[in-house]
Amino acid sequence: MSSRFLAVALSTSLYLGALAHGADAPLQKTLVTCGTCHGINGRSVSPTFPNLAAQQAPYIELQLKAFKEQTRADPDAQAYMWGMASQLSDGMISQLADYFSKQPPAPGKLEKPALIAQGKRLFEEGVAAQGIPPCASCHGAHAEGMATFPRLAGQHSPYLLKQLLVIQSVLRTAPVMHGVVKNLTKDQMQAVVTYLESL
Amino acid sequence: MRQIRIGRASGLLGFMPWGFGLYVALTTPSFAVPSFARQTGMACAACHTVFPELTPFGREFKLNGYVLDNIKQITGITTENRETLSLNSLPPISVMLQISYTHTGAALPDSAVQGALAKDGDVLFPQQASFFYAGKIADNLGAFMQLTYDGAADQFGFDNTDVRYARHVDIGSRPESQNHSLVLGITVNNNPTVQDVWNTTQAWGFPYSGSSTSPTPATSTKIDSGNGGLQQNAGGIGVYAWLNDCLYGEISVYSAVKLGGVHPLDSTQSQVLHGVAPYWRLAYEKRWDRNSLMVGAYGIDASIHPGNGLPLQGPPDKYRDVAGDLQYQFIGEDHIFTVLSTYIAEKQTLDASFANMLAANDDNTLDTFKLAGEYSYQRTIGGSLAFFSTTGSGDALLYAQAPVVGSLNNSPDSRGYIAEINYLPFLNTKLQLQYTVYDKFNGLGTNYDGAGRNASDNNTLYLLAWVNF
């Protein structure tokens, strides 16, 4: 046998050996799927897909169930998450929520200081004249979220902006938020999401 | 896309009156298939910018073996809880239909009556109709299989197939290793590059569809389907690794596969691979925000017996292709941009063809370059602009003078542009207007074939209706 043949046989054996030791635990397998878009650590690259790291576990659970039951119906929910969540058991949903909630959050992105300052004011104080309450009252002083109120800190601003728009147009149902965003202008939305991404 | 490859084949196949020989190469890029959507429960937009071009998620789906499923499974387990079956409750079947119209700058010669012209304006209904099995077979095992009816050839045949086994592998038990991912896979396929995921290579490269009846240049590099190409003329197996969603490496080997004709293969077959042809691929992809950039390289070493009357023995022709490629994608909410490019350098050592007077030179070179830019608005309206070029050493026998298909100056050099407008009323339906301009065809711009035909006479207007369901 030539040394080249031996090298090929050895590397093939190593390769197949590695292949046979693939990750098979149900949670691990599901995380690999989620991680394709959201990042295996819950920190996504594309702003189409939200960061899940450090998100409130009850909120993740609530949303996954809403996808599964098709009650959250904004365009991306339908295109991506209806299928993705359709076969998740309640047990798996809890495990996923627990896993992602415990991952370290994505670092903030500091851009456009003037807009950040404007957004911070809106987030902390609301706009009484427009009937917009302070966002912080539900989402927490540092936008860390609370139970089913989602963490917003460090979230991709294009994702947040899109959510505000689909909630405003009622493509996404979010009872508390419908009243809050009713009078929010697009400029105000842009300011507040820029601030949130900076956290 | 089926392409008519004319030129070198005319030397090999002899034939029809006035040397007007057409060699139909079975180059059929296959397409986005709704069975994947049915299996995953996800819209086409998850995996495709505009079909068949893949998004980063589409690339992941393919590299992970087409197995991601979100529909009810029929399962089987042993008493040790080992899974023995995990089957989609509905088979992942799809249908594709293409209807096209082709109009060339000047009519082609009639194939039977000397001096007469063929009808200029050709409707193919269908140009192509395909059936797919595309999806999961078992846990970690999936397939993309295509059966195609070709309207111009009036043939039904086995088309692009890629069966793959892939799984994630743990690469460490430390917490920080959780931030790393490694996919290892095995692909078994019948077309070198059909396994690729970046839309820069032959099987899935731009243009994704084109006329199957208009003249196309005499040749291209082997990996780019030159001289009959390797697609469906090869069967191979490969192993690949995909690390951290950014680094890809693959080695595959291909052997001769011919459907129909005499078996075991003998001198009645043409362009038969000798031994195994190694194919290799490296790619690095960087993703940031809504962007992705891939820089890669690939190549093949193929030894081929010309056959077609010559025994499949003795020194074969050798083709060594080395290529670089690049892809950039921006996938915004409304706007999508893509840039695709590849450069392929080929060195030919044509011992068999030279000894049998099929080539005038023992050694030849060919270089293929392609660059395409695409834009889509809301995945509905879009357009593309592309440049393509093949240049190489002249050869009086390979590129002999002949009407339409030949070359007056025995050159393979061809160069042109493609402009395309697409309208997708639905994500699975594409209406396409494509115009191809040649400023050089088989060596020259004017009277390139020595029979008075100009490169611009082969300019092609192509209309296509393309549906997948």
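Below, read A as the first sequence line, B as the second, and so on, with proteins coming before strands; counting in each chain starts at 1. Heavy atoms only: backbone and side chains are in, while hydrogens, waters and symmetry mates are out.
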Contact leader toward chain A among B:Tyr240, B:Phe61, B:Trp288, where contacts are heavy-atom pairs under 4.5 Å: B:Tyr240

Selection from B:Ala37, B:Ala241, B:Gly41, B:Ser292 maximising heavy-atom pairs under 4.5 Å formed with chain A: B:Gly41

Residue B:Glu333 versus chain A: region with a heavy atom under 4.5 Å: side chain

Part of B:Ile71 within contact of chain A (heavy atom distance under 4.5 Å): backbone

Over all atoms of both residues, closest heavy-atom pair of B:Ala45 and A:Tyr80: O-OH, 3.7 Å

Ring centroid separation B:Phe330 to B:His335 under 6.0 Å: no

Sub-4.5 Å side-chain heavy-atom contact between B:Lys318 and B:Asp301: no

Pairwise side-chain contact, B:Asp69 with B:Asn88, heavy-atom cut-off 4.5 Å (strictly under): yes

Contact leader toward chain B among A:Pro158, A:Ser46, A:Pro47, where contacts are heavy-atom pairs under 4.5 Å: A:Pro47

Contact winner vs chain B - A:Ser44, A:Ser86, A:Ala79, heavy-atom pairs under 4.5 Å: A:Ala79

Contact origin within A:Lys109 toward chain B - heavy atom pairs under 4.5 Å: side chain

Exercise: do B:Gln378 and B:Asp334 side chains pair donor with acceptor under 3.5 Å: yes

Exam field: side chain B:Gln39 to backbone B:Lys136, donor-acceptor pair closer than 3.5 Å: yes

